[in-house]
Amino acid sequence: MANTPIKLNDGNTIPWLGFGTGTALYRKDATDMVAAAIKAGFTHLDGAQVYDNEDSLGAGIIASRKPRSELFVTTKLYKLDAGTTVRESLQGSLKTLKLDYVDLFLIHIPSMFKEPGQLKSIWKQFEEVKKEGLAKSIGVSNFEVKDLEEILDGATIVPAVNQLEYHPYVFKASIPLLEFHKKHGIVTESYGGQSPVFRSKGGPVDPVLISIAERLSKTTGKTVQEGHVLMLWQRYKGIVFVTTTSKEARLKEYLDAAALPDLTTEEVAAIDEAGSELHKRHFETSGLPT
Ligand SMILES: NC(=O)C1=CN([C@@H]2O[C@H](COP(=O)(O)OP(=O)(O)OC[C@H]3O[C@@H](n4cnc5c(N)ncnc54)[C@H](O)[C@@H]3O)[C@@H](O)[C@H]2O)C=CC1
Ligand SMILES: O=CCc1c[nH]c2ccccc12
């Protein structure tokens with residue numbers, strides 16, 4: 001129920017609902033939206049070096065006046081220039097963010113590190129920045145099973161999360177990866193979660209989402225939207241949900257949705273089943289919108 005924190009395999013926790021500074025805010029000044037998101041009640045902020053707005057993510061945090069200890073901040077390593085270490089790259093992000101540490105540091109895109117053994121060596125350096133306290137938790141993004149296997153071989157720390165595109169139209173294709181996560185204690189964190197509603201309307205989950213949204217609207221007396229049903233579908237599965245918006249009014253809608261009761265087992269199964277009828281990705285494995 002609600003925005004309950006999810007336990008990570010290193011003993012830390014991550015708030016279930018996150019506010020992202022990619023997609024809608026990519027390369028934009030995120031200061032006002034980040035401050036508004038925190039003031040509205042978000043405590044989990046998702047950033048990345050490649051979003052080119054870590055400075056305004058940091059400025060938004062300062063403007064919110066929220067104590068650092070009450071926030072959970074993620075950033076992601078995009079690439080390493082020749083001769084630069086992971087520590088130096090993270091220290092650069094921390095300087096830009098005006099933070100002493102991030103709560104979560106992710107390898108953004110495995111295909112950016114294609115040289116033999118490179119991913120493994122990057123992960124070793126991730127283990128070091130966690131030990132030094134520059135990142136409280138470390139993880140990956142857009143990793144497939146083969147990428148996870150590569151870094152797990154010789155790892156002393158298992159990634160805490162794998163952040164990836166997840167919604168009903170990738171549900172079936174993602175089963176082996178999510179089983180791998182479960183076996184290794186890796187938390188699944190999603191982006192693109194509302195894609196069936198806002199990026200590919202007209203698919204087989206639409207009638208199922210409409211019917212559940214109507215049921216929830218009746219029983220709670222609140223207007224429940226189809227995108228919010230998808231948030232609850234992921235919460236039921238224990239998947240961290242990262243969303244975003246550039247419109248301040250939607251922040252409260254997301255937080256209201258987080259306060260809704262759980263879907264029933266039958267509703268979750270109906271979304272799984274309808275989603276399995278169509279396979280559609282909206283982001284390349286690079287995380288870039290298609
Ligand atoms: N690790 C990676 O490679 C990636 C990470 N991300 C992260 O995930 C975050 C979440 O991004 P998304 O996937 O875009 O989230 P999402 O799938 O929840 O979509 C959010 C978008 O849905 C639309 N939307 C929401 N409510 C609406 C409404 N009532 N009416 C009309 N449109 C509405 C808006 O365009 C909004 O920007 C990003 O900001 C970023 O931080 C996103 C993509 C890739
Ligand atoms: O993180 C995913 C979204 C995104 C927005 N811009 C870029 C550029 C390069 C990789 C991913 C992204």
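Just so it is clear, the model here is predicted, and its values are computed rather than measured. One-based numbering, in listed order, for ligands and for the atoms of each.
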Has ligand 1 got any nitrogen or oxygen that is less than 3.5 angstrom from a nitrogen or oxygen of Q194?
-> yes

Any N or O of T243 that comes nearer than 3.5 Å to an N or O of ligand 1? yes

| Taking distance alone, with no angle check, do G193 and ligand 1 share an N/O pair under 3.5 Å? | yes

Ligand 1 atoms nearer than 4.0 angstrom to some heavy atom of G22 are 38 (C), 39 (O), 40 (C), 41 (O)

Exercise. Closer than 4.0 angstrom: is that true for some heavy atom of H108 and an atom of ligand 1?
Worked result: yes

Inspect the contact between K237 and D272 and indicate whether a charged nitrogen and a carboxylate oxygen are less than 4.0 angstrom apart.
-> yes

Heavy-atom check, side chain of Y191 versus side chain of Q163, under 4.5 Å: yes

Ligand 1 atoms nearer than 4.0 angstrom to some heavy atom of D46 are 7 (C), 40 (C), 41 (O)

Legend entry - Polar contact flag for Y78 and ligand 2 (N/O pairs, less than 3.5 Å): no

The atoms of ligand 1 lying under 4.0 Å from a heavy atom of G20, numbered in the order shown, are 39 (O), 41 (O)

- prompt: For residues T75 and E54, is any side-chain donor paired with an opposing acceptor at under 3.5 Å?
  reply: yes

- Below 4.5 Å, heavy atoms only, C-beta onward: do T264 and R215 meet side chain to side chain? yes

Per-atom filter on ligand 1: closer than 4.0 angstrom to a heavy atom of Q163 are 1 (N), 2 (C), 4 (C), 5 (C)

Here the atoms of ligand 1 under 4.0 Å from any heavy atom belonging to A24 are 37 (O)

Worksheet item: Does one side chain, of H228 or E226, offer a donor that lies under 3.5 Å from an acceptor on the other?
Response: no

* Asked: Do V102 and L94 come within less than 4.5 Å of each other through their side chains, counting heavy atoms only?
  -> yes

Looking at F198, Y26, Y166, Y51, the heavy atom closest to atom 33 (C) of ligand 1 belongs to F198

Numbered in order shown, the ligand 1 atoms found under 4.0 Å of a heavy atom of N142 are 1 (N), 2 (C), 3 (O)

The single option from F19, F72, W16 that satisfies ring pair (Phe, Tyr, Trp, His ring centres under 6.0 Å) with F42 is F19

- Item | Intermediate values then yes/no, ring pair (Phe, Tyr, Trp, His ring centres under 6.0 Å), W233 and Y236 | CA-CA 5 Å; W233 176 73; Y236 185 97; 9.8 Å; no

R199 to F283, cation-pi by 6.0 Å centre distance and 45° axis angle | no

- Task: Flag F283 as yes when one of its N or O atoms lies below 3.5 Å from any N or O atom of ligand 1, and as no otherwise.
- Result: no

*asked:* Using heavy atoms and a 4.0 Å limit, tell me yes or no: is E165 in contact with ligand 1?
replied: no

Closest to atom 28 (C) of ligand 1 (heavy atoms only, candidates R250, K76, E226) is R250

Legend entry - T23 N/O under 3.5 Å from ligand 2 N/O: no

V242 heavy atoms within 4.0 Å reach ligand 1 at atoms 8 (O), 9 (C), 10 (C)

If we number the atoms of ligand 2 from 1 as shown, the ones under 4.0 Å from a heavy atom of H108 are 1 (O), 2 (C)

Salt bridge D103-K136, side-chain N to carboxylate O under 4.0 Å: no

The atoms of ligand 2 lying under 4.0 Å from a heavy atom of I109, numbered in the order shown, are 10 (C)

Out of F241, F19, Y191, the nearest non-hydrogen contact to atom 43 (C) of ligand 1 is supplied by Y191

Under 4.0 Å from one or more heavy atoms of Q225, ligand 1 contributes atoms 29 (N)

